[in-house]
Amino acid sequence: MRLFVSEGAPGSLPVLAAAGRAQGRAELLISTVGPEECVVPFLTRPKVPVLQLDSGNYLFSTSAICRYFFLLSGWEQDDLTNQWLEWEATELQPALSAALYYLVVQGKKGEDVLGPVRRALTHIDHSLSRRSCPFLAGETESLADIVLWGALYPLLQDPSYLPEELGALHSWFQTLSSQEPCQRAAETVLKQQGVLALRPYLQKQPQPSSLEGRLVSNEPEEEELATLSEEEIAVAVAAWEKGLESLPPLRPQQNPVLPVAGERNVLITSALPYVNNVPHLGNIIGCVLSADVFARYSRLCQWNTLYLCGTDEYGTATETKAMEEGLTPQEICDKYHVIHADIYRWFNISFDFFGRTTTPQQTKITQDIFQRLLARGFVLQDTVEQLRCEHCARFLADRFVEGVCPFCGYEEARGDQCDKCGKLINAIELKKPQCKVCRSCPVVKSSQHLFLDLPKLAARVEEWLEKTLPGSDWTANARFIIRSWLRDGLKPRCITRDLKWGTPVPLEGFEDKVFYVWFDATIGYLSITANYTDQWEKWWKNPEQVNLYQFMAKDNVPFHGIVFPSSALGAEDNYTLVSHLIATEYLNYEDGKFSKSRGVGVFGDMAQDTGIPADIWRFYLLYIRPEGQDSAFSWTDMLFKNNSELLNNLGNFINRAGMFVSKFFGGFVPEMVLTSDDQRLLTHITLELQHYHQLLEKVRIRDALRSILTISRHGNQYIQVNEPWKRIKGGEADRQRAGTVTGLAVNIAALLSVMLQPYMPTVSATIQAQLQLPPPACSILPTNFLCTLPAGHQIGTVSPLFQKLENDQIESLKQRFSGGQLEESLALKAKASPKTAAGLTTAGPQQIQALTEEVTKQGNIVRELKAQKADKNQIAAEVAKLLDLKKQLALAEGKPLETSKGKKKK
């Protein structure tokens, strides 16, 4: 067989990807031809791609060629796939051709490009969400996935054309784009030029005619409601009428929580935060907050749930922080463990136990796993050349060396990994290395170390992954990172360090070393559980009965998906391994990154000083959760989401529903006589509730939040259309209708209060108190919309749930967190340190040097303005900046602040 493709021809993408899947099934020669070359002799116009079969016959439609390759690899046809292929040809291709033509040939951007395809993209997203499957035709990739991926890739490879709210489409597209055959196809066709590679091809195509019925409009489209069957309506109405009696009994509370045979036992961990850092918003959403939402949801589903976390306290980072603050490592851990616990308490994180790694249990379990690995031949010894800082008189841990990445040239690469290209680095490979503590150039010296023999364990890890990944909820980025590691080949990994602060190595000749934090930090989950209960092995040596969900940012994936599983498998002690690895992308701050040293961004200990309640922070962080790609915190967007989604949508609906009960019916839920329209609304809400369940079971946290807001919008529309405030003044029929609308609305509000619980627990509890929701209904989230507030139920006092955020308030906070809180953090540090005179402490030398340079620079500005006899107001503003910088420098150097000597009033 011979496959003819052309660079820049969009149809070549899916056929190359399909050919890659069928590799080895038949002999295939791939030839690259020009777009004008006539490959098929009987066609009147040039056509690529083309597959010439061994029989001499030709296939020259993209879907036909892809189908042939899939049939070669043993794929069986099905009706759903055929339906998708028909839809792609008749609906998607005309819209997509127009979008690509507008973008590449006419140079249009934004909605002009996205408009023609938005409806098609939404259709794919809704189909994936409704079926709750990772692929278009089911649990495994099909012909339809490859054909649609290939059609969409040139446009969607630019994230700006993949709408953020289409989470299911996002996940599907990223999963396929990360596969090797698809990556190779994209490289061959687009040649690193992106969508511009299609220009020569598209310029020769006729200009697309107007897409009738798909004109771009700025008017908001009404939300399309699914068509309902009579059976769906009957089932929903029957469930509604059963009410509270259909709720299962509450699970009895256990202490400690232990696995129960025959139940769904869910063990949840969030990545252990470094004790020496105050977590910023990105750390909070990436780990503890995301895990908290899932833990709360699990409890609402009556699953037997244990949620654990704690501070990661060993390593050079702690030693260095202790040196900076004049404390011992243990004192630093004690101090910052409390800070972390207070922050998470304020954010309402519902840990069953929040522990730490500096415990006897950590030493015991880590040393046991090590001894088992050593006895089974999975530990190697080797001499390592390390960077040593002579100025600090210590070997430098990888994360305390910075330099130029040897692979991509990034200038701030760490000694273990480059944040830009993601490649692992040996610290001595860095170009222009610097000690991060003193900025001197370290020297290379030798030291004997222990290594985990990952190559020897690779087959076990791959076998475990082959069993675990299918049907699991590992995120697409986690799957991609793990595949990349395995594809590149595992290498022995050093598990010891020349430090004092860590878990001791129980081996002769290594008494002066400790375990590397990335060997024993993940063992911290086990030791924290052991501090919670002496029956910890029922969770951690019970893979048959325990579902382990682990939450983290994507940089932690290799250690949870490769390194710890390798250690556990090598130890051969029946350890529970991760079933579902949930990794986020990164959250940025406005247009850049969070930086504690530069005072940029909101950190956990500062959020509570903004006057904005914790639940508002939770809502916004979860609304912008970086699930499929990096996202950014924006003060302006936070204001908009609070005022539109919370105040005007959710809060408005719940407040109106409760107020109608109080004002029109004396605080008692009125009798409800459902019309066919009411029954349809009830059914739509049931379907949306079930969709919410499907999304959260797949840990699609951000998308599930949209379901809450969708139900609230349905409720607002229902009230607006039926106008109970007018009907209550009419005749008996109108008053009865007002009662039905009010009763149904307040029951929707009750349902929303439970759905909100994982996201906004305080607001949820407030709504439930206002509505006097019966206790069973507060603790269980059913799969159907039930009447939990029957006629005659008395509600409590109703009051507004949310406050408007004002522009000047947000602008002030935006200014404060763009660098202005550096002084505040230094002042707090000065107060907190117990070891310096008069409550003062010093910042690090790098911070002091940076501030000194800023003072000098600002002083020169002031002098120049005075020399030029500039406007007095301008000079005063710059002098104020100078005084502020001097105050920051004084605090950083540990000097007392001078009182202002302003002019005396006469």
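For the numbers below, each heavy atom of this structure counts, side chains included, while hydrogens, waters and symmetry mates do not.
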Main-chain N/O of [Y] paired with [X] side-chain donor or acceptor, under 3.5 Å:
X      : Y      : value
Glu462 : Ala459 : no
Ser712 : Leu709 : no
Thr683 : Gln679 : yes
Ser631 : Ile624 : yes
Tyr759 : Ile701 : yes
Asn556 : Ala553 : no
Ser6   : Ala9   : no
His580 : Phe551 : no
Thr475 : Ala583 : yes
Glu627 : Arg702 : yes

Nearest heavy-atom neighbours spanning [X] and [Y]:
X      : Y      : result
Leu114 : Leu121 : CD1-CD1, 3.9 Å
Leu3   : Ile65  : CD1-CG2, 4.2 Å
Leu152 : Leu96  : N-CD2, 4.0 Å
Val147 : Ser63  : CG2-CA, 4.4 Å
Ser298 : Ile268 : OG-CD1, 4.1 Å
Ile285 : Ser290 : O-OG, 2.5 Å

*asked:* Which label fits Tyr692 and Tyr297: parallel for a plane angle under 30°, tilted from 30 to 60°, or perpendicular past 60°?
replied: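 The arrangement is perpendicular - the two ring planes meet at more than 60°.
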*Classify the angle between the aromatic ring planes of Trp87 and His123 as parallel (below 30°), tilted (30 to 60°) or perpendicular (above 60°).*
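Plane angle between 30° and 60°, so tilted.
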State whether the number of non-hydrogen atoms from other residues, nucleotides or ligands found under 6.0 Å of [X] atom [atom1] is greater than 12.
X      : atom1 : value
Lys108 : NZ    : yes
Gln83  : CD    : no
Asp488 : CG    : yes

_Salt bridge present between Glu645 and Arg713 (N-O < 4.0 angstrom)_ =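 Counted as a salt bridge, because a side-chain N and a carboxylate O are separated by less than 4.0 Å.
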Tell me, do [X] and [Y] make a side-chain contact under 4.5 Å, heavy atoms counted?
X      : Y      : answer
Asp678 : Tyr718 : yes
Thr468 : Leu577 : no
Ile748 : Phe785 : yes
Leu751 : Ile685 : yes
Leu143 : Leu85  : yes
Glu463 : Arg460 : no
Met1   : Leu72  : yes
Ser127 : Trp84  : yes

When rounded to the nearest 0.5 angstrom, what distance separates [atom1] in [X] from [atom2] in [Y]?
X      : Y      : atom1 : atom2 : value
Leu136 : Trp149 : CG    : CH2   : 13.5 Å
Leu103 : Tyr161 : CG    : OH    : 5.0 Å
Glu697 : Trp303 : CD    : CH2   : 4.5 Å
Gln629 : Tyr586 : CD    : OH    : 15.0 Å
Leu155 : Leu198 : CG    : CG    : 10.0 Å
Cys301 : Leu781 : SG    : CG    : 6.0 Å

*May I have the step-by-step check of side chain to side chain contact (heavy atoms under 4.5 Å, CB included) for Lys698 and Gln694, ending in yes or no?*
CA-CA 6 Å; Lys698 292 290 182 184; Gln694 290 166 356; 5.9 Å; no
*Kindly write out the residues that satisfy ring-ring contact (aromatic ring centres under 6.0 Å, His included) with Phe619, not counting sequence neighbours, or none if the list is empty.*
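Only Tyr623 meet the ring-ring contact (aromatic ring centres under 6.0 Å, His included) criterion with Phe619.
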*asked:* For Tyr620, give me all partners under ring-ring contact (aromatic ring centres under 6.0 Å, His included), at least two apart in sequence or on another chain.
replied: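 For Tyr620, the residues satisfying ring-ring contact (aromatic ring centres under 6.0 Å, His included) (neighbours in sequence not counted) are Phe633.
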*In sequence, state the C-alpha distance, the side-chain angles, and the governing distance for Leu176 and Asp145, and then conclude on side chain to side chain contact (heavy atoms under 4.5 Å, CB included).*
CA-CA 8 Å; Leu176 290 167; Asp145 295 291; 4.0 Å; yes
*asked:* Under the criterion side chain to side chain contact (heavy atoms under 4.5 Å, CB included), I'd like the reasoning laid out for Ile482 against Leu469: C-alpha separation, chi angles, the key distance, then a yes or no.
replied: CA-CA 11 Å; Ile482 293 303; Leu469 288 179; 5.7 Å; no
*Output, in order, the C-alpha distance, side-chain angles, deciding distance and verdict of side-chain hydrogen bond (donor to acceptor under 3.5 Å, both in side chains) for Arg479 and Thr175.*
CA-CA 8 Å; Arg479 293 170 189 260; Thr175 299; 6.0 Å; no
*Hey, mind stepping through Asp125 and Thr122 against side-chain hydrogen bond (donor to acceptor under 3.5 Å, both in side chains) and telling me if it holds?*
CA-CA 5 Å; Asp125 180 79; Thr122 302; over 6 Å; no
*asked:* Is there a ring-ring contact (aromatic ring centres under 6.0 Å, His included) between Phe135 and Trp172? Walk through the geometry before answering.
replied: CA-CA 7 Å; Phe135 298 104; Trp172 170 84; 8.2 Å; no
*asked:* Test side-chain hydrogen bond (donor to acceptor under 3.5 Å, both in side chains) on Gln174 and Asn477; report intermediate values, then the result.
replied: CA-CA 8 Å; Gln174 191 176 38; Asn477 56 358; 5.7 Å; no
*asked:* Working note: Asn784 + Gln690, criterion side chain to side chain contact (heavy atoms under 4.5 Å, CB included); need CA distance, chi angles, decisive distance, verdict.
replied: CA-CA 7 Å; Asn784 292 299; Gln690 290 169 355; 3.2 Å; yes
